[in-house]
Novice: 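Input: one structure, supplied below.
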Amino acid sequence: MSLSKNHIKLITSLQQKKYRQKHKLFVAEGVKVVEEFLNSDFECERVFATENYEFSGLEDKRVLISDLELKKISQLKTPNKVLGLFKIPENQELGNQGLVVALDAINDPGNLGTIIRLCDWFGVDILVCSKDTVDCYNQKVVQASMGSLTRVAIVYGDLTSYLKSTNLPSYIADMDGTNVYETSLPKEAILIMGNEANGVSKEVREIVDAKISIPRFGKIQETESLNVATATAILLSEFKRGL
């Protein structure tokens, strides 16, 4: 099997969410990322690989391509031997136990990818995303998550309905909240992180149980806020530190 025009058309179309939803497929690139998906429960549709990629298994789904052909279908500045097409799984049920991270309208793919990695690092199994949060199968998100997408269940849904239905205490990151270093945090809770520019929405703010903040220690204190992924890392560390 060789790279066809239909392959190129399909792979290129998957840059857009509507075509990812239509075909129920997403793209992963690079040796480490693709192998993470191959070794997970994600179902592989097709693998496009150059001759210098050591491939084992799924030979019937492999398309051998040249380095030049890989450049035609890759979104990376420096394509890395292999590109995989994987099937998007069905949306899972919303989590209602343990420590859950919820995202309210996160727009930046890099931030979402980093937060997925943080959930993986800190042992958070469920990431709940509002419907207007960037698609986790956006290729930039997939690359930024570096394989952690295979170990964190991501669920999209109505965030306010979810918060109203759960028994878990909910916390939002807020500049006017209680100092997180002086707060006793529970083992099971929902940590809600808001939009990069506007923070948590009014609808969510009105129904959460508590607000926590990360204090500034700089002498001048002119920095407006932390990057949302950086703040998530600090707060998750504090939730886990008290266990």
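We use all heavy atoms of the structure for the numbers below, so side chains are in, but hydrogens, waters and symmetry mates are not.
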Novice: Are any side-chain N or O atoms of Thr150 and backbone N or O atoms of Gly147, one a donor and one an acceptor, separated by less than 3.5 Å?
Specialist: yes
Novice: Nearest 0.5 Å, please: how far is CG in Asn111 from CG in Asn227?
Specialist: 4.5 Å
Novice: Under the 3.5 angstrom rule, does the side chain of Gln143 hit a backbone N or O of Ala28 as a donor-acceptor pair?
Specialist: no
Novice: Has Ser237 got a side-chain atom pairing as donor or acceptor with Ala233's backbone, closer than 3.5 angstrom?
Specialist: no
Novice: Is there a donor-acceptor contact under 3.5 Å from the side chain of Ser213 to the main chain of Gly177?
Specialist: yes
Novice: Which donor-acceptor pairs under 3.5 Å do the side chains of residues 77-84 make with protein atoms, sequence neighbours left out?
Specialist:
none

Novice: Checking Asp104 against Asn195: is there a side-chain donor and acceptor pair closer than 3.5 Å?
Specialist: no
Novice: Work out which heavy atom in Met146 is nearest to a heavy atom in Lys32; give both atom names and the distance.
Specialist: CE-CD, 3.6 Å
Novice: How would you list, by chain and number, every residue that makes a ring pair (Phe, Tyr, Trp, His ring centres under 6.0 Å) with Phe37, sequence neighbours excluded?
Specialist: Phe26, Phe42, Phe86
Novice: Any chance you could measure Leu191, atom CG, to Thr232, atom OG1, to the nearest 0.5 Å?
Specialist: 6.5 Å
Novice: Just wondering, do Leu185 and Tyr171 contact through their side chains at under 4.5 Å, heavy atoms?
Specialist: yes
Novice: Let me have the donor-acceptor pairs involving side chains of residues 116-132, under 3.5 Å, with sequence neighbours excluded, atom names and distances please.
Specialist:
from	atom 1	to	atom 2	distance (Å)
Asp120	OD1	Arg151	NE	3.3
Asp120	OD2	Ser148	OG	2.7
Asp120	OD2	Arg151	NE	2.9
Asp120	OD2	Arg151	NH2	2.9
Ser130	OG	Leu103	O	3.4
Ser130	OG	Ala105	N	2.9
Ser130	OG	Asp132	OD1	2.6
Ser130	OG	Thr133	OG1	3.0

Novice: Using the salt bridge (charged side-chain N to carboxylate O under 4.0 Å, His left out) rule, collect all pairs that involve residues 164-182, keeping only residues at least two apart or in two chains.
Specialist: Asp174-Arg205
Novice: Could you walk me through whether Val27 and Val142 pass the side-chain contact (heavy atoms from CB on, under 4.5 Å) check?
Specialist: CA-CA 8 Å; Val27 174; Val142 175; over 6 Å; no
Novice: Using the ring-ring contact (aromatic ring centres under 6.0 Å, His included) rule, collect all pairs that involve residues 178-209, keeping only residues at least two apart or in two chains.
Specialist: none
Novice: For the residue pair Gln139 / Glu29, report whether a side-chain donor-acceptor contact shorter than 3.5 Å exists.
Specialist: yes
Novice: Provide the closest heavy-atom pair for Ala102 versus Leu159 in the form atom of the first, atom of the second, distance.
Specialist: CB-CD1, 3.8 Å
Novice: After noting the C-alpha distance and the side-chain angles of Lys72 and Glu69, does the key distance pass the salt bridge (Lys or Arg N to Asp or Glu O under 4.0 Å) rule?
Specialist: CA-CA 5 Å; Lys72 290 182 180 179; Glu69 287 176 319; over 6 Å; no
Novice: When rounded to the nearest 0.5 angstrom, what distance separates OG in Ser165 from CG in Asp158?
Specialist: 9.5 Å
Novice: Considering all heavy atoms of both residues, which atom of Leu25 and which atom of Leu10 are nearest to each other, and what is their separation?
Specialist: CD1-CD2, 4.2 Å
Novice: Which pair of heavy atoms, one from Pro186 and one from Phe239, lies closest together, and at what distance?
Specialist: O-CD2, 3.7 Å
Novice: Any chance you could lay out the side-chain contact (heavy atoms from CB on, under 4.5 Å) test for Val47 and Val63, step after step, and finish with the verdict?
Specialist: CA-CA 6 Å; Val47 174; Val63 179; over 6 Å; no
Novice: Verify, without hydrogens or angle tests, whether Thr166 (side chain) and Leu168 (backbone) share a donor-acceptor contact under 3.5 angstrom.
Specialist: yes
Novice: Check the pair Val134, Asp108 against side-chain contact (heavy atoms from CB on, under 4.5 Å), reporting the backbone distance first and the verdict last.
Specialist: CA-CA 7 Å; Val134 62; Asp108 184 81; over 6 Å; no
Novice: Are Ile234 and Ile106 connected, step by step, through hydrophobic side chains (Ile, Leu, Val, Met, Phe, Trp, Tyr) whose heavy atoms are closer than 4.5 Å?
Specialist: yes
Novice: Look up atom CD1 in Ile192 and atom OG in Ser170, then write down how far apart they are to the nearest 0.5 Å.
Specialist: 4.5 Å
Novice: Report the distance from atom CD of Glu35 to atom OG of Ser40, rounding to the nearest 0.5 Å.
Specialist: 12.0 Å
Novice: Keeping to residues at least two apart or across chains, list the side chain to side chain donor-acceptor pair (under 3.5 Å) pairs with something in residues 10-25.
Specialist: Arg20-Asp135
Novice: Has Asn179 got more than 12 heavy atoms of other residues, nucleotides or ligands less than 6.0 Å from its CG?
Specialist: yes
Novice: Under the side-chain contact (heavy atoms from CB on, under 4.5 Å) rule, what do Leu235 and Met193 come out as? Steps first, then yes or no, please.
Specialist: CA-CA 10 Å; Leu235 294 175; Met193 305 301 295; 3.9 Å; yes
Novice: Would you kindly confirm whether Leu76 and Leu70 end up in one hydrophobic cluster when ILVMFWY residues are joined by side chain heavy atoms under 4.5 Å apart?
Specialist: no
Novice: Working to the nearest 0.5 angstrom, can you tell me the gap between Lys9 NZ and Ile11 CD1?
Specialist: 13.5 Å
